[in-house]
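Below is one structure, written out as structure tokens; comments come after it.
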Amino acid sequence: MQQVRVRFAPSPTGPLHIGGVRTALYNYLFAKKNKGIFILRIEDTDQTRFVEGAEEYIMESLKWCGMKIDEGIIEGGNYGPYRQSDKKLQYRQYADMLMNNGDAYYAFDTPGKLEELRISAEREGNAFIYNASIRDNMRNSLSMPESKWKELLEKEEPYVIRYKMPLNEDVHCDDMIRGHIVVNTSTLDDKVLIKADGMPTYHLAHLVDDHLMKISHVIRGEEWLPSLPLHFLLYRSFGWEKPLFAHLPLLLKPDGKGKLSKRDGDKMGFPVFPLFWPYGETAKGYREEGYYPEAFVNMLALLGWNPGTEQEIFTMDELINAFSIERVHKSGSRFDPEKAKWFNHHYLQLRSNNELALEFRDYLRAQGYHHDIGDLEAIISLVKERVSFVKDIWRETDFFFKSPDVYDKEVIKKRWKPETPAQLLELKAFLDERDTFTPQITEQAVKGWIEKKEYNTGDVMNAFRLVIVGASRGPHLFDIISFIGKEETLMRIEKGIAVIGNKVQ
RNA sequence: GGUCCAUUCGUCUAGUGGCUAGGACGUCAGGUUUUCAUCCUGGUAACAGGGGUUCGAUUCCCCUAUGGACUACCA
């Protein structure tokens with residue numbers, strides 16, 4: 001069987017969108033599943049849209065996700081160069097092959113003239129299509145006598161090379177996901193193959209490269225489906241064997257309609273890019289927002305594909321094993337940020353307390369707190385299952401590090417009785433006399449004390465929690481006071497009574 | 001406008017010519033937790049509409065509607 005070789009071929013025009021990451025992922029999964037080769041090719045034939053840093057961003061994104069590139073601009077390989085601009089004008093000879101067999105021609109129409117015709121056609125409700133219906137009226141090597149266009153060539157008049165679309169022919173295409181598609185050439189136009197600057201367009205460049213790189217399967221976004229007939233025709237004109245094609249459905253915005261965009265992410269508070277993009281108009285990234293790559297990849301893989309079982313949690317190896325292109329969906333999927341969080345919650349639970357403590361320590365340092373790893377592990381073990389992100393740990397544990405600044409008004413209203421200050425003062429004295437402060441022993445003692453005093457357990461405990469935590473939240477209270485220690489506990493009781501005590505009634 | 005593609009709970013989806021149309025996220029309720037959260041249990045909720053074909057269609061065909069992509073010397 002033929003070696004499976006697939007490529008991910010982005011343009012370095014900015015940060016890589018998660019839709020692009022998913023395309024890369026499906027290529028990667030397909031390659032690895034079939035013991036094939038995963039290639040990264042940079043498609044930068046449009047020099048005006050090149051963005052500094054984009055190539056590095058793309059490669060770092062793939063690396064973060066755990067996709068290893070087999071052949072690429074850094075990795076090398078036997079089918080380079082892997083950056084189209086490094087081939088510069090080599091594509092021209094392939095256009096000339098088409099010129100020689102009559103499937104392409106020179107066109108000298110200026111962009112301004114074409115634009116003018118396009119606008120006037122639109123005004124009459126028609127589409128402007130540069131094809132057999134109109135090309136005899138245009139300035140090209142088909143409509144002009146040979147002596148005339150050769151003269152223009154000699155005078156170095158700017159020109160493009162266009163593909164000569166056959167007249168009224170049904171083109172039959174096959175797609176591994178969509179099945180059979182038939183399009184008549186009368187609706188297609190004579191696409192530009194070589195631009196006036198001598199560079200190839202996508203249609204020529206990707207096809208030549210796919211052929212030269214021995215690509216076996218082209219797995220790309222649905223936006224390419226309309227030009228699939230053109231690509232089929234080009235393969236025929238070249239006399240080359242075609243790869244197999246698979247067009248992936250789009251990633252849609254969570255609400256409403258349409259393609260997922262950066263604006264949606266900004267508006268609804270979730271990233272649309274894998275990594276933070278630092279240039280120009282910056283963009284948030286999953287990595288920096290605290291997502292784990294396993295969660296991100298797992299979530300992305302299931303957006304538009306599933307194995308047909310009820311399994312939802314997959315490691316990369318499990319994804320590779322389960323993946324099949326036939327089970328990729330036809331219709332677009334809406335992106336659900338809530339489910340992305342759920343995946344991260346799951347993967348965070350798999351982390352050890354020590355791993356999380358290390359991550360959390362970095363976060364704390366940024367806040368100006370410095371703590372022993374052992375202490376952080378202890379705290380994290382108490383709140384781990386309630387957080388989805390490392391940054392959430394702070395929100396759940398701030399009271400371990402500092403006494404409360406404010407006290408929840410609702411809790412005061414509900415639990416702060418006239419007798420509360422006196423009771424807490426008694427509790428403070430009771431605690432003051434205790435030597436051990438371990439959670440279990442202290443809990444037993446305090447509960448015994450409340451019972452003996454015949455106080456209302458709920459009132460006392462909640463008021464106690466209020467002065468320690470500042471609100472009605474957090475892990476077991478006795479775990480908290482054990483961690484902060486006796487001195488701090490007594491201090492917080494005193495402070496709480498002082499601040500809240502005179503606010504009531 | 002034209003061409004092409006798509007359509008199962010709010011979302012991601014499973015599934016079949018005859019099933020109580022399944023799971024997950026969300027949401028709601030109950031339980032656990034003396035708090036909050038987690039967790040557990042349960043509930044809610046879908047075959048876009050209309051025609052066919054058929055003994056029978058969510059499933060096959062057609063039409064409509066809706067959504068999307070493309071329609072550049074961008075990819």
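Please read these numbers as outputs of a predicted model, since none were measured by experiment.
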Name the pairs: protein N/O against N/O of nucleotides 10-15 of chain B, kept only if under 3.5 Å.
| from | atom 1 | to | atom 2 | distance (Å) |
| --- | --- | --- | --- | --- |
| B/C12 | OP1 | A/Arg334 | N | 2.8 |
| B/C12 | O2' | A/Leu302 | O | 3.2 |
| B/U13 | OP1 | A/Gly304 | N | 2.8 |
| B/U13 | OP1 | A/His329 | ND1 | 3.1 |
| B/U13 | OP1 | A/Ser333 | OG | 3.1 |
| B/U13 | O3' | A/Asn306 | ND2 | 2.5 |
| B/U13 | O3' | A/His329 | NE2 | 3.0 |
| B/U13 | O2' | A/Asn306 | ND2 | 3.2 |
| B/A14 | OP1 | A/Asn306 | ND2 | 2.9 |
| B/A14 | OP1 | A/His329 | NE2 | 2.8 |
| B/G15 | OP1 | A/Arg327 | NH1 | 3.3 |
| B/G15 | OP1 | A/Arg327 | NH2 | 3.3 |

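- Residues passing the side-chain hydrogen bond (donor to acceptor under 3.5 Å, both in side chains) test with A/Asp398 are A/Arg473, sequence neighbours excluded.
- Straight-line distance from the CG atom of A/Leu230 to the P atom of B/U71: 12 Å, rounded to whole Å.
- Within the nucleic acid shown, A/Thr457 comes within 4.0 Å of at least one base atom, counting heavy atoms only.
- Closest-nucleotide positions on RNA chain B for A/Lys191 and A/Ala471 were compared, and the one nearer the 5' end corresponds to A/Ala471.
- No side-chain donor-acceptor contact under 3.5 Å links A/Lys191 to the backbone of A/Leu204.
- Of the possible donor and acceptor atoms, one in the side chain of A/Thr185 sits under 3.5 Å from a partner among the backbone N and O of A/Asn168.
- Within 4.0 Å (heavy atoms only), A/Lys447 reaches at least one base atom of the nucleic acid.
- For the pair A/Lys113 NZ and B/A72 P, the computed distance is 17 Å after rounding to whole Å.
- In this structure, the side chain to side chain contact (heavy atoms under 4.5 Å, CB included) partners of A/Asp175, at least two apart in sequence or on a different chain, are A/Ile177, A/Arg178, A/Leu225, A/Phe245, A/His247.
- At most 12 heavy atoms of other shown residues, nucleotides or ligands fall within 6.0 angstrom of atom NZ in A/Lys414.
- We find that CG of A/Leu250 is positioned 15 Å from C1' of B/U7, with the value rounded to whole Å.
- Separating the NZ atom of A/Lys259 from the C1' atom of B/A6 is a distance of 16 Å, rounded to the nearest angstrom.
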Please tabulate, for side-chain N and O atoms in residues 439-451 of chain A, each donor-acceptor pair with protein atoms closer than 3.5 Å (sequence neighbours left out).
| from | atom 1 | to | atom 2 | distance (Å) |
| --- | --- | --- | --- | --- |
| A/Thr442 | OG1 | A/Thr438 | O | 2.6 |
| A/Glu443 | OE2 | A/Lys447 | NZ | 2.9 |

Polar pairs (N or O, both sides) under 3.5 Å between protein and nucleotides 2-5 of chain B?
| from | atom 1 | to | atom 2 | distance (Å) |
| --- | --- | --- | --- | --- |
| B/C5 | O2' | A/Arg178 | NH1 | 2.6 |

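- A salt bridge links A/Arg351 with A/Glu294: at least one charged nitrogen is closer than 4.0 Å to a carboxylate oxygen.
- Going from atom CE of A/Met299 over to atom P of B/C25 covers 16 Å, rounded to whole Å.
- For A/Arg49, the side chain to side chain contact (heavy atoms under 4.5 Å, CB included) test picks out A/Thr13, A/Asp46, with sequence neighbours left out.
- No engagement by A/Thr48 is indicated, since no non-hydrogen atom pair under 4.0 Å with the nucleic acid exists.
- Counting any heavy atom pair closer than 4.0 Å across all strands shown, A/Pro229 reaches no nucleic acid atom.
- Contact between the side-chain N/O atoms of A/Lys384 and the OP1/OP2 oxygens of B/A37 is not found at any separation under 4.0 Å.
- Between A/Lys259 and A/Glu223 there is no salt bridge, since no side-chain N of the basic residue sits under 4.0 Å from a carboxylate O of the acidic one.
- The residue A/Asp190 sits apart from the nucleic acid: no heavy atom pair falls under 4.0 Å.
- A salt bridge links A/Arg83 with A/Asp86; the closest basic N to acidic carboxylate O contact falls under 4.0 Å.
- Between the CG atom of A/Asp479 and the C1' atom of B/U33 there is a distance of 13 Å, rounded to whole Å.
- What separates CZ of A/Arg220 from P of B/A69 is a distance of 17 Å, to the nearest Å.
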Under-3.5 Å N/O pairs linking protein and nucleotides 28-31 of chain B:
none

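- With sequence neighbours left out, A/Ala357 forms a side chain to side chain contact (heavy atoms under 4.5 Å, CB included) with A/Ile373, A/Leu376, A/Glu377, A/Ile380.
- Not one side-chain nitrogen or oxygen of A/Arg465 sits closer than 4.0 Å to the OP1 or OP2 atom of B/U34.
- Residue side chain A/Arg162 does not reach the base of B/C73 through any donor-acceptor N/O pair under 3.5 Å, judged by distance alone.
- Taking atom CD on A/Glu124 and atom P on B/G1, their separation rounds to 17 Å, with Å as the unit.
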Output a table of nitrogen or oxygen pairs between the protein and nucleotides 40-47 of chain B separated by less than 3.5 Å.
none

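- Residues forming a side chain to side chain contact (heavy atoms under 4.5 Å, CB included) with A/Gln423 (at least two apart in sequence, or on another chain): A/Glu419, A/Tyr455, A/Val460.
- In terms of modelled atom types and a separation under 3.5 Å, the side chain of A/Asn306 and the main chain of A/Leu302 share no donor-acceptor contact.
- Evaluation of the ring-ring contact (aromatic ring centres under 6.0 Å, His included) rule for A/Trp342 yields no partner, not counting sequence neighbours.
- Qualifying side-chain hydrogen bond (donor to acceptor under 3.5 Å, both in side chains) partners for A/Asp44, counting only residues two or more places apart in sequence or in other chains: A/Ser85.
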